[in-house]
Amino acid sequence: MATIHVDGKQYDVDGADNLLQACLNLGLDIPYFCWHPALGSVGACRQCAVKSFRDENDKMGRIVMSCMTPASNGTYISIDDEEAKAFRATIVEFLMTNHPHDCPVCEEGGHCHLQDMTVMTQHHSRSYRFTKRTHLNQDLGPFIGHEMNRCISCYRCVRYYKDYAGGTDLGVYGSAANVYFGRAEEGTLESEFSGNLTEVCPTGVFTDKTHSERYTRKWDMQYAPSICASCSVGCNVSPGERYGEIRRVENRYHGELNGYFLCDRGRFGYGYTNLKDRPRHPLIDGATVTSDVALGAARGMINGASKVIAIGSPRASVEANYALRTMVGAASFYDGHATQEGELVKLALQIVRDGPVPATTITAMEDADAVLVLGEDITATAPRMALAVRQAARGKGRALADEKKVSDWQAISLADLLQRDSYPVFVASVDSTRLDDIAHATVRAAPEDLARLGFAVANLLDASSPAVAGLDEATAAQAKAIADALAAAKKPLIISGTGAGSTAVMQAAANIAWALKAKNDATGLALTLPEANSYGLAMLEPQPLADALEALASGAADTLVVLENDLYRRAPKAVVDAALAKVKSLIVIDHTATDATARAQVVLPAATVFEGDGTVVNYEGRAQRHFQVYDPKYYDASLAQVESWRWLAVLEAASGWKILDDITGACATAVSGLAGIVDAAPGAAFRIDGLKIAREPHRYSGRTAMRANQAVSEIRQPVDPDTPLSFSMEGYNGVGGLDRPAALMPYAWAPGWNSPQSWNKFQQEIGGHLRGGDPGKLLFAGGATQAYFTDVPAAFTPSGSGSGFRVLPLHLHFGGDELSSRAEPIRERASTAFVAIARADVARAGVNGHATVSVDGELVQLPTFISDTLPAGTVGLPAGFAGVPFVAYGVDATVSGG
Amino acid sequence: MSTPETVVKLAELTGKTQEAPFVLTDDERHEIEHEIAHYPDARAASIGALKIIQARRGWVPDGALEPVAKMLGIGAAELEGVATFYSLIYRKPVGRHVVKVCDSITCFMVGYEDIKKTLEQHLGITHGQTTADGRFTMLPICCIGACDKGPALMVDDDLHHDLTPDNVVGIVEAYK
Amino acid sequence: MSLEQELLVRPLTARVNLEAPMDIAAYEASGGYLAVRNAIRDLQPADVQAKVKDSNLRGRGGAGFPTGIKWGLVPMGPDAGTKYLVCNADEMEPNTFKDRLLMEGVPHQLIEGMLVAGYAIQATTGYIFLRGEYVKSAERLNAALAEARAAGLLGKNILGSGWSFELSVHTGAGRYICGEETALINSLEGRRANPRAKPPFPQIAGAWGRPTVVNNVESLSNLPHIINNGAEWFKGLSQGKSKDGGTKLYGCSGRVKRGGIYELPIGTSAREIIEEHAGGMRDGYTLKCWLPGGASTDFLMPEHLDLPMDFDSISKAGSRMGTGLIMAVDQTANMVSLVRNLEEFFARESCGWCTPCRDGLPWSVKMLIALEEGRGRMEDIEQLTKLTKALGPGRTFCAHAPGAMEPLQSALKFFRAEFEAGVAPAGTADADANIGLTGVVVNAKVA
Ligand SMILES: Cc1cc2nc3c(=O)[nH]c(=O)nc-3n(C[C@H](O)[C@H](O)[C@H](O)COP(=O)(O)O)c2cc1C
Ligand code: SF4
Ligand code: FES
């Protein structure tokens, strides 16, 4: 704690902060550009100048940069000082000498930090009368627009992209007044985290290209607090809608999860919800019908069935899955994960929920000082974790700075001290990963061998955990190096998950974490899961999917209800075909056209995450609520997509579920582990000052004309009975009281702060937790000590001859995720399907450019990618890719030339 | 996983003729390695390495960035950031001889502009340009430490001072 | 005077030979490397530091910071690890040509100076950061280094002392900002030459995060003599002309009769330098004003000529001694043009890191051109005055832009009328014109 004096008032602040951060924490406004809460101070823009005085008697003072000055005890400063104010206005004026003043046509306009700061400094009339320098722009790929003339050279983009996110293809070129930020050559930005440039850039240089074509100002979009559906991290997002389309997804700050940053899949993958050809009307045998007709048909099928079973979905909400389970009964409710995946998710629950090491938050991961990633390519399977692990590695800079008495916000000094050093990160995975660049060591092996390595590490840490028989020398040495680093760490972190498809890998990871935990309470652990609501589904304890398909194939059940799921992604094609061939009635509730909807007699159109309310449970066991962004019916009354649980509530009339709170409450009561979901966000009755919370900014314009093409009279705004949010700009919009529950923040805005920087206004302290608590409710309370897992697998032995190869799933950031891969910009960014084969095996397989791969009887031709890292005897198939067969763990494929 | 995203896309493009890739000569490679040995971190040799390329090729061709960056353990964008920062690294082709005319204050005061004008008339180019025959490129340079003998210029590595509009043409003409 | 005697009066330049600098044999014959040999044999590093501190040698790079005090921040002791000594031989300050003389004329002296400094701070590695254009300096330094290495003065376990020190030449590739010591460190590391924030000071965390001392060529070249002859001798060299000690390489350029470099007692007056050593103005020319020590110092007037040229006296007169190389401005010079040239230099050489420097300097140039061409406005003069504040000390990230403001603010102070003469009459087209001065910059890949 330190006492500082600002313009004659005394405040208590954290003396470890810089003055800028300390003042922002106090709610005092100081304009800034180059400083960013996640990027630290570099003192480049000189915008944050204040007057500093030696003591209370010093009347002269001197100008200092608040971001570069510690908030030490006894500091006297003035923000209001005339000289400081004039200097700050001059800085904006300097920045504007080359700026094109093109706000009216600039996509940053309305959420632009430069605009905000210009207004804040009150610079309004220009005295510069000369020409401006102009730059050429680059095509940076499908995600990011580039307009260099708007650049104010704050260097944030390179500092974020290069230093923070580890990207290598964005740089700063030139010098003096001719500095250029872009790629060395035009081309697609390679980082999976490039989208954050749109929020990091304080002006309109880097903008969201996916938004461009259907551009709408920030104040003219309608928002809701939402959760990214692209992986199990559950990053908080703020999608914006206009005219019945999602037009942009922005980061929604969460102090324990995503912080200020998202991955590109999450940010740019929303396009599937806008697809014209997705189910929006009920269908019977492919023909559009009314909801009543469809429901009647479905009811008839269910009533007339010999036996109805249902398959749930890890990408649907807890409520939807619970409604389905209620309708068919727990015994007939089956897992929407692939069978083995379902087992893995159950195992993950056992480890994370019931075990002694609960899941580590993303922000806590950033503090780790030794990381082992076992079996995962987290840049693909839980991307936001990868960004956090990068910060953990860089965290050594803070420790070095500490030794030299340098503050941890001195970003450049930290980097200079760190040079190429980092905290140890080990990546053990089946093939190269996108985190290898920061790894102190990498291990490439088949899952069995990764598990053996993991068990060996655990055994070194605690001899009472099982030993690994017959470990080769090299692996033993690797295990020793990893164990030593983890044991030496203050905050070791183990990351594993379902990505390798192997229970042994996850068990080994658990053993390591548990062995460490016995010695070091700060041990962290995280297990990634297949989908956004994998835990939510698993906690409803569904029966294995294989049993459902078996029951159908054998005729034990004749009617199937499928919830938001494409069965062809969950089991071999032949098996699904055989099961569906026997089904008398297939009812599919989904928002997306899949091979399953194509075969259904009845399709009930579901709401996407953007169109409905619901609760999902992330990798930590955090229940989070996503809210409906807009009501499609407002634009077209014939549109019928509603949350899946609503369809089911009608089918199961006895349930009595009318609004979201009804079903959430019912589920919480019925399923003990899920009791906490009602607290994921306040219920429908919640009000602030008697008001609902406005989804639309208070400057939302054109509403009365919005439907003028249909009718001149303005229809009433949709009513939202489910939530405390209103489909309107009327309602509470954050002015005046900033302590509203963070789970109900549709978008970030505060007076004078239109840009994403306004999140600073809603945090308990800058970059920390949100006021009113970070969104969501942790369902896992931390478990008891568990016995070590003891099933150490035998080493993998390649078949060595013939055309048989073990198939390994390869995870890619783009193209494998079911929903986002339907979005055009993601498709553009994704690779084509391929089969990867170890260089050593090329001759054996006889492949040459292309290969014919046969898995479980499914035959596909794929281009080959020759890998120098894939273990011999294996082939890799990109998981979840269109045109790539479903692969169960441990399955062999035959691969041949052609 | 890391590679297929780009590699497979390249595979799709096969058939499209590609420019012959830039190759570092063994000589260049050795000299860069020698340079690297002077420092605790290879990247410190970045300016030296660029100068090694430039000494042989007159400038730093685009294709050099990638292989040189690799030797230094940095990204090509990072190296380009260095290459474009420093005024004596040329990222565009220059003439066989680079005439660097000191335009700093002392030379300016004692006749830089006359020298510049004479050269412009004689060579038919101005700063930043190269003669059509590829013989000369003209660039301004800051104070080259010959102020007591200004105006001064450098042709390549040679310093010439006490220039007058009368002697400057002869001086550059000596360079073929 | 014998060389021996001369070395006691003009220690820095007594041995300078630009045609054929002394090889190591000749240098040693004249007493060279004795300072290192003696220091290593007889003195602890702390003793060497103490001697230099006692001598009150003030850095000759321009800022005049006492060398001994600078060294005092360096962590010492057996666990201090890798430390660097860097010689700042970037000499790009306009009107500065003194370090070149020392490097081309007596390279062994600099190497010996670096050995003394390196021993004093127990540096493990040294670099001479030399501007790329000084090709002859590089050749001569490298030749001298090879000789010194062969003589066992560089490398492992020097002279059996247990102290090892590697030294090499690192050449730059342009950019004045590389002379700023923290930008220099970035450049040495192979990065863009943006300055670094202080603290941490380089002595604590400099090159590659390790303790690093950056000293100017002239500062370092003084060290062997201080060791040989003692602090009191060094202080006495100024002959009572200044409270600072030592000689200083002064110089003079412009339309004077004998421009050049002169090693004189520190505190020698500008009048003596210009009128005696430089022989006064050429016939037909009179002194209008003068820059005491490089482009980043304030203009002084003829009435300041009798001031002793030392850091404190010149500073009291509102300028800085800087590098101590005087530029004599004659009566034919147009001050607006001179300042325009200076600001063009500073604008071009800005590293582009901080806003006031990057964007303010080009603006000043445009206004100065307008005034130079008679197309200026009164507001331009006001704006220029505002810039001198906004780009002043503390406002920018490093001292580059404040340096740029020194000649501007002093020219505005002493020669305002010349600026006002460039104001176009109200209502004329010129006064209203938007003056275009920058073309289209097609990204940054400029030659
Ligand atoms: C823009 C700028 C350029 C500089 N250029 C040089 C230079 O070329 N040579 C030099 O010795 N010092 C230069 N300096 C001063 C150095 O930063 C540093 O103070 C000096 O090298 C320290 O050496 P000394 O203590 O021996 O004087 C420059 C400073 C600035 C701000
Ligand atoms: S004043 Fe600023 S922009 Fe100018 S050289 Fe220094 S840091 Fe760079
Ligand atoms: S925010 Fe402080 S200098 Fe940029």
Side-chain angles (χ1 to χ4, degrees), chain B residues 38-51 54 59 62 72 74 78-94 98 100 102-110 112-113 128-130 137 139-150 154 156-159, chain C residues 82 91-100 125 127 131-136 166 168 170-176 178 187-193 207-208 210 251-255 258-261 291 295 325 327 329-330 333 337-338 341-342 344-345 348-349 351-352 407 444-447:
Chain B
H38 279 107
Y39 305 98
D41 187 321
R43 77 176 300 155
S46 63
I47 296 165
L50 292 167
K51 287 187 0 186
Q54 187 162 296
W59 65 299
D62 293 355
L72 303 170
I74 58 177
E78 184 87 24
L79 185 60
E80 178 72 320
V82 172
T84 54
F85 185 92
Y86 295 99
S87 49
L88 295 181
I89 303 295
Y90 308 135
R91 284 291 287 109
K92 284 179 183 166
V94 291
V98 181
K100 292 166 275 196
C102 174
D103 67 349
S104 285
I105 186 72
T106 320
C107 287
F108 175 77
M109 195 174 65
V110 298
Y112 156 76
E113 287 185 322
Q129 297 178 340
T130 301
T137 296
L139 288 175
I141 194 163
C142 51
C143 181
I144 41 181
C147 321
D148 52 338
K149 305 192 244 345
M154 290 178 80
D156 304 334
D157 285 344
D158 308 334
L159 175 67
Chain C
T82 307
E91 191 160 81
M92 250 186 264
E93 180 80 22
N95 200 54
T96 302
F97 44 101
K98 63 183 182 70
D99 297 341
R100 167 181 214 141
T125 310
Y127 295 98
R131 67 178 294 192
E133 296 91 327
Y134 279 9
V135 183
K136 196 181 274 177
E166 289 298 339
S168 57
H170 173 105
T171 60
R175 291 291 170 231
Y176 167 71
C178 294
S187 190
L188 179 66
E189 286 185 10
R191 302 166 191 267
R192 297 162 59 79
W208 297 284
R210 304 298 313 164
C252 193
S253 63
R255 292 201 165 89
R258 288 190 306 274
I261 298 275
L291 279 176
L325 277 78
M327 186 182 85
V329 180
D330 61 76
S337 299
L338 281 196
N341 172 275
L342 286 167
E344 254 171 2
F345 165 81
R348 186 177 74 199
E349 298 304 322
C351 80
K445 292 187 194 179
V446 282

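Numbers restart at 1 for each chain; the letters A, B, ... are given by sequence-line order, proteins then strands.
Listed options C:Glu166, C:Glu91, C:His170 were ranked by heavy-atom pairs under 4.5 angstrom with chain B; first place goes to C:His170. The choice from C:Pro407, C:Cys351, C:Ala295 that makes the most heavy-atom pairs within less than 4.5 Å of chain B is C:Cys351. Counting heavy-atom pairs closer than 4.5 Å to chain B, the top-ranked of the candidates C:Phe97, C:Tyr127, C:Tyr176, C:Tyr134 is C:Phe97. Your options are C:Ala193, C:Gly259, C:Ser187, and the one with the most heavy-atom pairs under 4.5 Å with chain B is C:Ala193. Heavy-atom pairs under 4.5 Å with chain C peak, among B:Ile144, B:Ile47, B:Val110, at B:Ile144. Contacts with chain B were tallied for C:Ile261, C:Asp99, C:Leu338, C:Leu325; C:Leu338 has the most, counting heavy-atom pairs under 4.5 Å.
Both the backbone and the side chain of B:Ile141 come within less than 4.5 Å of a heavy atom in chain C. For C:Arg210, no part lies under 4.5 angstrom from a heavy atom of chain B. For C:Arg348, the part sitting under 4.5 Å from any heavy atom of chain B is the side chain, from C-beta outward, and nothing else. For C:Glu93, the part sitting under 4.5 Å from any heavy atom of chain B is the backbone (N, CA, C, O) and nothing else. C:Arg100 touches chain B through its side chain: at least one heavy atom from C-beta onward sits under 4.5 Å away, while N, CA, C and O do not. Interface residue C:Ser337: backbone and side-chain heavy atoms are both found under 4.5 Å from chain B. Proximity to chain B (any heavy atom under 4.5 Å) is restricted, for C:Glu189, to the backbone atoms N, CA, C and O. Using a 4.5 Å cut-off between heavy atoms, C:Ser168 contacts chain B through its side chain alone, with no backbone atom that close. Using a 4.5 Å cut-off between heavy atoms, B:Gln129 does not touch chain C at all. For C:Met92, the parts sitting under 4.5 Å from any heavy atom of chain B are the backbone and the side chain alike.
When all heavy atoms are compared, the tightest approach of C:Leu188 to B:Ala44 is O-CB, 3.3 Å. Counting all heavy atoms, side chain and backbone alike, C:Arg192 lies closest to B:Gly81 at NH1-O, 2.9 Å. Closest of all the heavy-atom pairs between C:Asn341 and B:Asp103 is ND2-O, 2.8 Å. Considering every non-hydrogen atom in both C:Gly174 and B:Leu88, the closest pair reads N-CD1, 3.7 Å. Residues C:Gly172 and B:Lys51 come closest through the heavy atom pair O-NZ, 2.6 Å. The two atoms that bring C:Gly254 and B:Met109 nearest to each other are CA-CE, 3.7 Å, heavy atoms only.
For the side chain to side chain contact (heavy atoms under 4.5 Å, CB included) test, residues two or more places apart in sequence or in another chain that qualify with B:Ser46 are B:Leu72, B:Leu79, B:Val82. Among residues two or more places apart in sequence or in another chain, the side chain to side chain contact (heavy atoms under 4.5 Å, CB included) test is passed with B:Arg43 by A:Arg420, B:Asp41, B:Ile74, B:Glu78, C:Arg191.
The CZ atom of C:Arg131 sits 5.5 Å away from atom SG of B:Cys142, with the distance rounded to the nearest 0.5 Å.
Looking only at side-chain heavy atoms (C-beta outward), C:Phe345 and B:Cys143 stay at 4.5 Å or farther from each other.
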Kindly determine whether B:Cys147 and C:Met327 satisfy side-chain contact (heavy atoms from CB on, under 4.5 Å), including the steps that lead there. CA-CA 9 Å; B:Cys147 321; C:Met327 186 182 85; over 6 Å; no

